[in-house]
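See below for the structure under consideration.
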Amino acid sequence: MGIMIQPLKQVRGEITVSGDKSITHRAYIFSSISRSSVLIRNPNEGADVKHTLSIMQSVGAESKKSKEGTLIKGIGLKNIKEPENVLDAGNSGTTIRLLSGLFSGIKDKMFVLSGDSSLRNRPMGRIITPLRKMGGEILARKNDTLPPLVIRGKKLKGIQYKMPVASAQVKSAIILAALSAEGKTMIEEGVRSRNHTEIMLKAFGGRIETNKKIVVYPAEKLENDEIFVPGDFSSAAYFIALSLIVKDAKLLIKNVGLNPTRSYLIKKLKDAGGEIKILNKREKNGETFGDIYVENSNLKGITVRKEEVPFLIDEIPLIGVLGAFAEGTTEVRGAEELRVKESDRIKLTVRNLRALGIETEEFKDGFRITGHNIRYGHVKTAFDHRIALSFIVFGLASKKGVEIEEINSINISFPDFFDTLRVIKNG
Ligand code: S3P
């Protein structure tokens, strides 16, 4: 027995979505290692970022919640304390990977990082390799591949590193390690991944060049007093999708992050016939944001190629769901990274689409949707928030609804999803 998601009758009105998860992680980390008190406005309220904040508190930062946001009193990079216990990153790959980079350079102090059963099965070799090249001492379970991670902080040195996979988490781990390394660190990306760390470091006055290569210099003085976190594009994406596929829908989503490394889905959806308009575009702390207006549209199938995947990385299960409602074939290739997310997102997307009557072929690196006979079915989530949210959208947009194994995982990134949904039902 699962939870029934009933079809939605209308999508109308004006909403906001909670703050960006990726930016909130960075805001909490940089504020904590700065030498200032920083007010973070509109932070994400999900479980992942709470793990980051609580780890930063365990190593000395102070934080207070207020009506205006989260206030963090930074301690400075050099004053990070050795924690007394194992640090719990929960379900959050961003937390464990970014903080492994940061802590690798905190000389002579020891840090043990672990998390839930999903996180303990996610690959860590990708951060261990560059961090060891910098002189880091880091050990992991299963032949240095899986958490828990044991880090003994060292005096690091800058390196030149060519990224073997496009990953913002790996890139950010190296950037954070570079802040306490000797000399400069150069990172070469094949395909650019999301650049929130680079932007946040600049906002705190850090020295970083972001031309063809990324060049990071040791941190001298990191300071800021206020960071505004725009709405999470990946959360807005569920409402963009709903508005495109629910009859007569019209919706305005305000103050959504529009960083080009994150909002590429808009271009793909417009190309597929989506009626989407961006209004009131502006910028704060180097991050672009604005309002998104969406209307019900006749969507054609979408094709995603390998080089586009990093810009859509968290929206691929949702593209699968949209493919079920679109005309013609939807195909995603080059997305093998999805197999090592919070769950194997390729396998689960295909499994669930098939359970709901959608003819779907599975590839090692993606899937192809060809048949659209939507029927009622049971959805599995493996406690993955993006799978749950994507298939909640499926159920809301379908004629018969869906039964979904669990919905509590949505608290990882979007705890107020159902409150927001209530607004558009009554809008
Ligand atoms: C994130 C980077 C991406 C993304 C994740 C958040 C980040 O992961 O999928 O949800 O905040 O840096 P990868 O770096 O593994 O691609």
Side-chain angles (χ1 to χ4, degrees), residues 19-30 43-44 46-53 89-102 115 118-119 121-130 147 161 163-176 187 189-201 214 229-230 232-238 257 259 261-265 287 304 306-319 332 334-346 349 365 384-390 409-410 412-414:
D20 186 276
K21 177 159 85 71
S22 288
I23 297 177
T24 304
H25 281 296
R26 274 93 176 156
Y28 285 167
I29 295 170
F30 280 101
N44 181 275
D48 273 10
V49 298
K50 291 200 168 129
H51 284 284
T52 293
L53 184 57
N91 190 244
S92 174
T94 306
T95 306
I96 200 165
R97 294 199 177 111
L98 268 60
L99 294 182
S100 294
L102 178 70
S118 152
L119 191 66
N121 282 296
R122 295 185 64 189
M124 294 297 141
R126 53 182 62 195
I127 54 159
I128 295 178
T129 303
Y161 194 67
M163 301 276 301
V165 276
S167 162
Q169 293 177 355
V170 176
K171 171 177 66 176
S172 304
I174 303 170
I175 294 175
L176 286 163
I187 306 166
E189 288 188 285
V191 185
R192 262 175 79 203
S193 57
R194 64 185 67 182
N195 60 355
H196 303 302
T197 304
E198 296 91 309
I199 291 175
M200 189 69 72
L201 177 56
I214 298 168
V229 183
D232 196 317
F233 181 81
S234 300
S235 298
Y238 302 111
N259 178 319
T261 62
R262 289 291 297 286
S263 53
Y264 188 67
L265 180 70
E287 291 283 358
V304 175
K306 185 175 175 65
E307 58 280 14
E308 297 177 308
V309 169
F311 305 132
L312 297 161
I313 187 85
D314 292 336
E315 283 73 65
I316 303 266
L318 186 62
I319 289 177
V332 174
E336 54 270 45
E337 267 297 298
L338 257 75
R339 295 212 180 263
V340 291
K341 292 288 176 191
E342 286 85 328
S343 71
D344 179 341
R345 287 184 177 160
I346 292 181
T349 301
D365 64 346
D384 182 332
H385 58 129
R386 302 229 180 267
I387 296 290
L389 285 157
S390 300
S409 57
I410 71 169
I412 295 288
S413 59
F414 201 173

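One-based numbering, in listed order, for ligands and for the atoms of each.
The closest donor-acceptor contact from the side chain of Asp20 to the backbone of Ile23 lies under 3.5 Å. A donor-acceptor pair under 3.5 Å links the side-chain atoms of Glu189 to the main chain of Ser193, judged by distance alone. Between the side chain of Asp384 and the backbone N or O of Ser343 there is at least one donor-acceptor pair closer than 3.5 Å.
Considering backbone and side-chain atoms together, Val170 places no N or O closer than 3.5 Å to any N or O of ligand 1. When only interatomic distances are considered, the shortest N/O to N/O separation between Ser22 and ligand 1 falls below 3.5 Å. Among the atoms of Asp314, some N or O lies under 3.5 angstrom from an N or O of ligand 1.
Nearest protein heavy-atom contact of atom 1 (C) of ligand 1 is Gln169 NE2, 3.6 Å.
Closest heavy-atom approach to atom 7 (C) of ligand 1 within the set Arg26, His196, Arg97: this belongs to Arg26.
Comment: Glu307 does not engage Arg192 in a salt bridge, judged by the lack of any side-chain N to carboxylate O separation of less than 4.0 angstrom. A salt bridge does not link Arg345 to Glu337: none of the charged side-chain nitrogens sits closer than 4.0 Å to a carboxylate oxygen.
Residue Lys341 has at least one heavy-atom neighbour below 4.0 Å for each of these atoms of ligand 1: 3 (C), 4 (C), 8 (O), 9 (O), 13 (P), 15 (O), 16 (O). The distance from ligand 1 to the heavy atoms of Ser167 drops below 4.0 Å at these ligand atoms: 13 (P), 14 (O), 15 (O), 16 (O).
Using a 4.0 Å cutoff on heavy atoms, Arg194 counts as a contact of ligand 1.
The only option from Arg262, Arg386, Arg194 that meets the salt bridge (Lys or Arg N to Asp or Glu O under 4.0 Å) definition with Asp232 turns out to be Arg262. Residue Lys21 forms a side chain to side chain contact (heavy atoms under 4.5 Å, CB included) with just one option from Pro43, Ser92, Ser413, and that option is Ser413.
Neither the backbone nor the side chain of Lys171 has a heavy atom within less than 4.0 Å of ligand 1.
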